[in-house]
Amino acid sequence: MQLFNCPFCGPRDQSEFTYVREVAPVPALDASQATWQAYVYDRDNPRGPHREWWHHNHGCRQILELVRDTLTHEVSSIQAARGTRATK
Amino acid sequence: MKYSVFSLLKQAFNGHQGWPMAWRNPEPKKHYDVIIVGGGGHGLATAFYLAKNHGIKNVAVVEKGWIGGGNTGRNTTIVRSNYMPDENAHFYEWSLKLWHQLSEELNYNVMFSPRGVLNLAHSEGQRDALFRRGNRMRLNGIDCEWLTREEIERAVPHLDCSDVPRFPIIGGLIQRRGGTARHDAVAWGFARAASNLGVDIIQNCEVQGFVREGNRIVGVETSTGRLNAGRVGIAVAGNSGRVAAMAGLKLPIETHVLQAFVSEPLKPIIDTVVTYGAGHFYVSQSDKGELVMGGDLDFYPSYGQKGNLPIVEEAITAGLQMFPILSRVRMLRQWGGVMDMSMDGSPIISKTPIDNLYLNAGWCYGGFKATPGSGWVFAHTIANDAPHAFNQGHTLERFANGKVIDDKGAGPTPQWH
């Protein structure tokens with residue numbers, strides 16, 4: 001069983017968390033359709049370190065930002081996603 | 001050599017010493033008319049149909065490992081065509097028709113067994129959803145039949161059809177022309193048939209980049225040198241994002257790990273494919289007697305061909321709800337394959353924004369059943385630089401123009417398809 005070290009709750013079972021999506025700047029509301037389409041559908045989908053949003057839905061219910069290796073599943077950083085979801 | 005009862009008898013008298021290699025192991029040529037990246041079922045089928053249907057025989061299939069070593073060798077071998085959207089219904093139905101004659105076409109026994117695929121319903125809502133699915137299938141000329149609980153009880157004797165389970169079975173939709181096939185034989189059969197038509201199968205050769213002239217692909221860089229190509233097709237399943245990135249493309253695909261399990265071999269007890277409706281679980285019995293089982297994705301992006309235990313537990317729990325008789329059966333093996341989960345749950349078999357580069361990806365859980373159909377329409381797309389009628393909806397542009405093919409209605413959350 002893999003543990004995620006939630007910054008609010010401490011080490012918790014990975015099954016308490018739900019993967020949300022790859023981290024990407026949320027487009028402005030009036031951004032072009034192509035920009036929104038790329039944000040909604042397209043993914044870097046790398047094999048290796050990956051910046052991801054996860055939801056600790058069976059814990060503190062906070063959105064967290066992780067850097068997780070998609071090949072080894074190793075989590076190298078986990079922090080609150082505050083600020084990172086802001087419009088850029 | 002043509003495989004037949006006569007060649008079998010002849011070799012039997014020779015002590016089976018005279019069988020030739022099933023496919024050639026050639027030195028790569030400098031130039032190919034078409035290079036297919038990825039030696040799985042889809043890539044090999046594409047090469048076969050390029051040679052057979054379109055007369056394009058100067059073709060290479062380039063594989064980084066050994067053929068059929070990815071998802072072709074890791075799936076639960078289920079073949080069906082119970083899809084709702086017209087685009088998918090026509091495509092998968094064509095693929096199912098090809099399955100029914102594939103062993104003859106390839107002169108190779110792919111052990112296709114149309115033993116039926118039964119989807120169970122456990123609530124009135126699910127029943128109505130399956131009625132709707134069945135009606136849409138029938139409107140597209142695809143067979144299916146509603147079975148009542150009593151009919152299911154007779155058809156699948158060990159299935160718990162009582163009121164005891166938390167979610168009792170109330171009925172199910174069966175597609176009798178669906179079934180299973182032997183996964184390795186599919187890769188080997190296509191490889192042998194393609195090789196006999198002149199296709200070069202190049203194993204242990206990893207594509208590491210594309211050679212471009214302006215907006216045109218003219219070859220691939222591999223671990224053993226450059227290969228020039230008129231056209232290049234990508235059929236690399238879970239690695240689609242990585243390979244497409246080498247050409248500068250960003251795809252509407254996430255790679256997720258899906259696990260499968262087999263039990264110790266048992267006497268024949270389940271003679272069809274059964275899927276659980278109150279959770280996600282599917283089971284069939286292989287010709288060796290092993291129960292072949294699968295469940296959900298692990299629900300996070302992964303290129304590790306391994307999974308975690310919570311999903312194993314969840315899948316097996318569902319299995320025991322269906323078949324309490326299996327409670328003391330031991331598991332033999334468990335493994336993971338990496339799925340190219342697309343944003344609408346449907347595949348992309350398409351031209352790309354780059355000239356002479358073609359993409360076959362986004363198969364989600366369902367690539368194995370599509371193998372012959374995928375090869376058929378992808379070969380057509382590459383040969384004609386235009387899609388076949390069965391894949392003209394499966395474009396890369398559909399995510400921009402809104403014409404997504406979302407069977408499940410889950411939206412752009414690939415893990416939920």
With only heavy atoms counted, which part of B:Leu251 is less than 4.5 Å from chain A, the side chain, the backbone, both or neither?
backbone

Gap between atom CG of B:Asn239 and atom CZ of A:Arg47 - 0.5 Å precision:
6.0 Å

For the backbone of A:Trp54 and the side chain of B:Tyr300, can you confirm whether one donor and one acceptor N or O come within less than 3.5 Å of each other?
no

Chain A contact via B:Ala245 - which portion, at a heavy-atom distance below 4.5 Å:
neither

Atom pair CD/NE2 of B:Glu254 and A:His50 - distance to nearest 0.5 Å:
6.5 Å

What is the distance from atom CG of A:Leu71 to atom OH of B:Tyr303, rounded to the nearest 0.5 Å?
10.0 Å

Check the pair A:Tyr41 / B:Asp344 against side-chain contact (heavy atoms from CB on, under 4.5 Å), numbers first and verdict last.
CA-CA 9 Å; A:Tyr41 290 110; B:Asp344 61 357; over 6 Å; no

Tell me, with the steps shown, if B:Ile253 and A:Asn45 meet side-chain contact (heavy atoms from CB on, under 4.5 Å).
CA-CA 7 Å; B:Ile253 284 176; A:Asn45 193 23; 4.0 Å; yes

In terms of heavy-atom proximity below 4.5 Å to chain A, should B:Val257 be classed as side chain, backbone, both, or neither?
neither

Provide the closest heavy-atom pair for B:Ala400 versus A:Gln33 in the form atom of the first, atom of the second, distance.
O-NE2, 3.4 Å

Bottom line for B:Gln305: the part with an atom under 4.5 Å from chain A's heavy atoms is neither

A:Arg68 side chain vs B:Pro301 backbone, donor-acceptor pair below 3.5 Å
yes

